[in-house]
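Report on the structure given below.
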Amino acid sequence: MEIVGNLTSDQLHFFNSQGYLVFESFASPEEIDALRKRMEQLLQGFDPSSTASIFSTKNQLKLTNEYFYESAEKISFFFEENAFGDDGKLKQSKELSINKVGHALHELAPVFKEFSCSEKFSSLLFSFGYKRPAILQSMYIFKQPGIGGEVLPHQDNSFLFTDPPTCKGLWLALEDATITNGCLWAIPGSHKHGLVRRFIRGEEGVSFDRPSPSYDQKDFVPIEMKAGSLIVIHGDLIHQSFENHSPKSRHAYSLHVVDTDGCKWLEDNWIRRKVEPEPLYVS
């Protein structure tokens, strides 16, 4: 199958200038429904007592267990920080306590695999110049009502670094993402200043190689999106999201892609796969 790019010169110019690009109606209502229903099924089959892993971008020490490492090639469940009471038990149902599910939905869950490997993703990546793109991780993010946690300012290249850098985030809104329920915020053009720090896996676990810079919140702009919209995020773009204090969730499906043609995957990345990922295409 021949891959054909589908972006205009204006779209590419906006992405190169701003560091992100939004596509409205990228996913159909039927595709969204299929992804959400499959996740409901996965949650129904999940036993919360099997793990108490909590995903946090604030306290990296909580990420240093084998459950996190092994999730690179599994479908694993991570709780919100505020999901547990003082007695160690969930405050509410597991369906309203999960932060995210990852990181191999695109490989192990057929509904997610079919969508993630679809021609429209390949065409998109071809337009951005990818020669042999591979999905390194996938995440279903819940941003639960009332307890959906904050994601601090970060760059995706910090976590998934290739030499030269090639990571892009593909973030699909499965529900409307608004300022009220925790939409993405970004500093337009911040990708032009390069990578500020890396998230490295060593003998003692995972940690950042340097402290985070301080950012002026006035520089961030909200990126509100309708369900079905997709945003492509440059690997060096500074972006974040705030806590969700609203009564509405903000479900999203996120993919991170790197090029495997002429690019080296650094061994100190947190993901150390036993099996190399299959490329979406080879051009």
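Residue indices begin at 1 and follow the sequence shown. All figures in this text were calculated on a predicted structure; none of them were measured in a lab.
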Which atom pairs, one a donor and one an acceptor, fall under 3.5 Å between side chains of residues 19-27 and the rest of the protein, sequence neighbours left out?
none

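If you chain together ILVMFWY residues whose side-chain heavy atoms come under 4.5 Å of each other, L266 ends up grouped with F161, L195. Hydrophobic cluster of I238: the remaining members, joined at side-chain heavy-atom separations below 4.5 Å, are I179, W185, I187, V196, Y215, F220, F242, listed by chain and number.
The aromatic rings of H234 and H191 lie tilted to each other, with the angle between the two planes from 30° to 60°. Between F115 and F121, the two ring planes are perpendicular [angle over 60°; tilted spans 30° to 60°].
Salt bridge status for D268 with R198: present, with a side-chain N to carboxylate O gap under 4.0 Å. We find that E175 and R36 are joined by a salt bridge, their nearest charged nitrogen and carboxylate oxygen being less than 4.0 Å apart.
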query = Can you check salt bridge (charged side-chain N to carboxylate O under 4.0 Å, His left out) on R272 and E70, steps first, answer last?
reply = CA-CA 9 Å; R272 297 179 183 176; E70 292 174 359; over 6 Å; no
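Take Q217 and apply the side-chain hydrogen bond (donor to acceptor under 3.5 Å, both in side chains) test, not counting sequence neighbours, and it matches Q240. A search for side-chain hydrogen bond (donor to acceptor under 3.5 Å, both in side chains) contacts involving E73 returns nothing, not counting sequence neighbours. Remark: K113 pairs with no residue by the side-chain hydrogen bond (donor to acceptor under 3.5 Å, both in side chains) rule, at least two apart or across chains.
Between the side chains of N157 and D236, at least one donor N or O lies within less than 3.5 Å of an accepting N or O.
Partner Y67 forms a ring pair (Phe, Tyr, Trp, His ring centres under 6.0 Å) with one of F78, F77, F79 and no other, that one being F78.
Judged by distance alone, with hydrogens and angles left aside, the side-chain atoms of S283 form a donor-acceptor pair with the main-chain N or O of K131 at under 3.5 Å. Under a 3.5 Å cut-off, the side chain of Q144 and the backbone N or O of I98 do form a donor-acceptor pair.
Judged by a 6.0 Å distance limit and a 45° cone about the ring axis, R201 is positioned over the six-membered ring of Y69.
The ring of W270 has its center closer than 6.0 angstrom to the ring center of F68. A distance of 6.0 Å or more separates the ring centres of F112 and H106. The aromatic ring centroids of Y140 and Y253 lie 6.0 Å or more from each other. Here the two rings, on Y130 and Y281, have centers that are 6.0 Å apart or farther.
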